[in-house]
Amino acid sequence: MINGNISRTEIGLNRRSLLIWTLVLVVVILIYLGSFVFMGNLDFAELIEGFPDELITGMGMSAAMFEDVNLYHGGMVMLYGLLLASIYAMMLAGGMISRDVDLGTVEFLYTRPLSRTVIMLSKVFSFLVMIIFLWIAVYLVSTAIGIFWVAPGEYDLDAQFMVHLMGLLACLAAGGIAFAIAPLINRVQGSTSLAVGLGFFFFILNSVASMYEQLEFLRFLSIHYYADLSGAARGEPFVAGMIILPVIFIAGVVAGTVLLNRKEFPA
Amino acid sequence: MYAVETTQLTKYYGKTRGIAEVSMAVREGEVFGFIGPNGAGKTTTIRLLLNLLKPSSGEVKLFGKNIPRSGGKLYRRVGYVPSEVNYYPEMTGRELIEYARGFYTVSNNQWIEELVDRLQFDPDKKIRTYSHGNRKKLGIIQALLHKPQLLILDEPGTGLDPLIRMEMFKILEELNRFGVTVFFSTHILEEVERICHRIAMIKEGSMTYVGPVDELPGRDLRVVILKFAGREASEVALGKLGQAEEIFSRPGYYRVLSYLPVNELVAQLGRFNLDHLRITDPSLEEIFFDLYEPSARGGQKNND
């Protein structure tokens, strides 16, 4: 069901963007997580107590975060890490499908002795490999910074493993959504715009829904809610989210495959 | 068995017609030309054969088998050269050839190298640096590398210089001698006359002719080149012969497309005082033009 030729080529074609995004995320984490060492000099916990509770919650913050490296990394650093990584995941997945129509390589790839299902699944496999690589890199860098620099002895490896695992699952879900929509988009530029838009949409939706009780139901529409990185950082990962996020990924891939099989490619 | 068979094949884009009830059968081992003006439906037909489009109605069969809805192994026997060749710009030509090769069981490097040599193609450059002609060469190589039993080519000669085009047709002829079926669309009628066993003509989405080149309607058309001796041409006299026009590059010379029977044509010409006369069979291009633009020609079109 997977064609290694396509998977290898897709990884090769997207190698540069993977390295750039991995580097960007690593640098963001390095700076953001690294800044925890300066927290002691500024009493952030006291400072944010003056803020309205809704705003603090909406921004994903709590006073405890500034005193506990695990909550800080899971609830704040990775909140933005997930925003960036989910945008990349959607750009990658959407681009893999839209690019062939945009470049005109449909005539090269889709006239080969392969079903469109195999083409889709081969691309999905490349996506999986690349997103897993990204999160392994992020996990290793976070762990190294946490253990050797920021908070030796306090950095909880188990809790942080869950934070990164939930981040990975959320990115897979984001990719699944992009795979579902991409067959409807014929331009890479279009799928990139959609990825950025959806990435911020999920992020803002989760923040706004956290601020107002009346809008709480909107959180169910955001992958950030199911990832619940703060919960994972507290050692209480959202178990339902661990099931729902892969289900979104699989459902997205299935929907995308159905659409791709029905898609027509006029000149 | 037919390599390609379409039955009442119809494709609409919404309410716009693509092709209507196109039926044709291409025999295995045949070189089949598919000709028609831009927008006639050639590319739509080819895309239906390749499963890039789904028919609105009708049927497509390759080697006697219906095309599976989502493509598949049937295309192991097919090679395709698109009219607009677009590949991954950051790959080199060689990388693309290897990518294409990976879809088939091709153990023979020698054949690929032979194609590269004969088409004078440099495979070690990035695709984004290739000219249109070089991309076309790459398109031909990637379509032929697995020695397909059916080659579908959309305007294969476009963008190639005359020497390479000649070489490409030599390769096609050689492959055809080994039983490869060649189905190609073109508007370069010289190519059709050169290698096609049969042709299909399509106009406004419908087939107007399927058969041997020699039996094309319009083969009874005569091309008369003449020059009157010592006096101005009479438009009335020329009009009796057929549609006439003065040859731009040879003032005083007229070119007449005539459907008059030979004896009547000779009798009419006998009444003129002529300085020059030449009567020839029409080229395929002239027939093509006459069939597609009868109103412009005003000739007595044979609608057989």
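All values below were derived from every heavy atom in this structure, side-chain atoms included, with hydrogens, water molecules and symmetry-related copies excluded. Within every chain, numbering begins at 1; the chains are lettered A, B, ... in the order of the sequence lines, protein sequences first and strands thereafter.
The shortest side-chain heavy-atom distance between B/Leu74 and A/Pro113 does not fall under the 4.5 Å cut-off.
Residue B/Lys126 qualifies as enclosed at atom NZ: its count of foreign heavy atoms under 6.0 Å is above 12. For B/Tyr13, the OH atom sits in a packed shell: over 12 heavy atoms of surrounding residues, nucleotides or ligands are nearer than 6.0 Å. Within a 6.0 Å sphere centred on CZ of A/Phe125, other residues, nucleotides and ligands contribute 12 heavy atoms or fewer. Open room surrounds CD on B/Gln110; 12 or fewer heavy atoms of other groups in view lie less than 6.0 Å from it.
Heavy-atom minimum distance, B/Pro89 versus A/Leu103: CD-CD1, 3.9 Å. Of all heavy-atom pairs spanning A/Ala267 and B/Thr43, the tightest one is CB-CG2, 3.9 Å. Contact record, A/Glu107 with B/Leu52: CG-CD1, 4.1 Å, taken as the closest heavy-atom pair. Residues B/Lys11 and A/Glu264 come closest through the heavy atom pair NZ-OE1, 2.7 Å.
Proximity to chain A (any heavy atom under 4.5 Å) is shown, for B/Ile152, by neither the backbone nor the side chain. Only the backbone of B/Glu84 has a heavy atom closer than 4.5 Å to any heavy atom of chain A. Interface remark: B/Ala100 contributes backbone and side-chain atoms alike to the contact with chain A (heavy atom separation under 4.5 Å). A/Leu260 does not touch chain B: none of its heavy atoms, backbone or side chain, sits under 4.5 Å away. Only the side chain of A/Arg99 comes within less than 4.5 Å of a heavy atom in chain B; its backbone stays farther off. Both the backbone and the side chain of B/Phe103 have a heavy atom closer than 4.5 Å to some heavy atom of chain A. Using a 4.5 Å cut-off between heavy atoms, B/Arg76 touches chain A through backbone and side chain atoms alike.
From B/Lys54, atom NZ reaches atom CZ of A/Phe265 across 8.5 Å, with rounding to the nearest 0.5 Å. With rounding to the nearest 0.5 angstrom, the OG1 atom of A/Thr111 is 12.0 Å from the CG atom of B/Leu49.
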Q.
salt bridge (Lys or Arg N to Asp or Glu O under 4.0 Å), that's the test. Do A/Arg8 and B/Glu98 meet it? Break it down for me.
A. CA-CA 12 Å; A/Arg8 271 194 307 276; B/Glu98 285 305 313; over 6 Å; no
Q: Applying side-chain contact (heavy atoms from CB on, under 4.5 Å), run through A/Asp100 and B/Tyr88 and close with a yes or a no.
A: CA-CA 9 Å; A/Asp100 287 316; B/Tyr88 308 95; 3.1 Å; yes
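Using a 30° and 60° split on the angle between ring planes, A/Phe108 and B/Tyr99 fall in the tilted class, from 30° to 60°.
Along residues 9-18 of chain A, the residues that come nearer than 4.5 angstrom to chain B, judged on non-hydrogen atoms, are A/Thr9, A/Leu13 in order of number.
Using a 3.5 Å distance cut-off with no hydrogens or angles, the side chains of B/Tyr104 and A/Arg112 do pair a donor with an acceptor.
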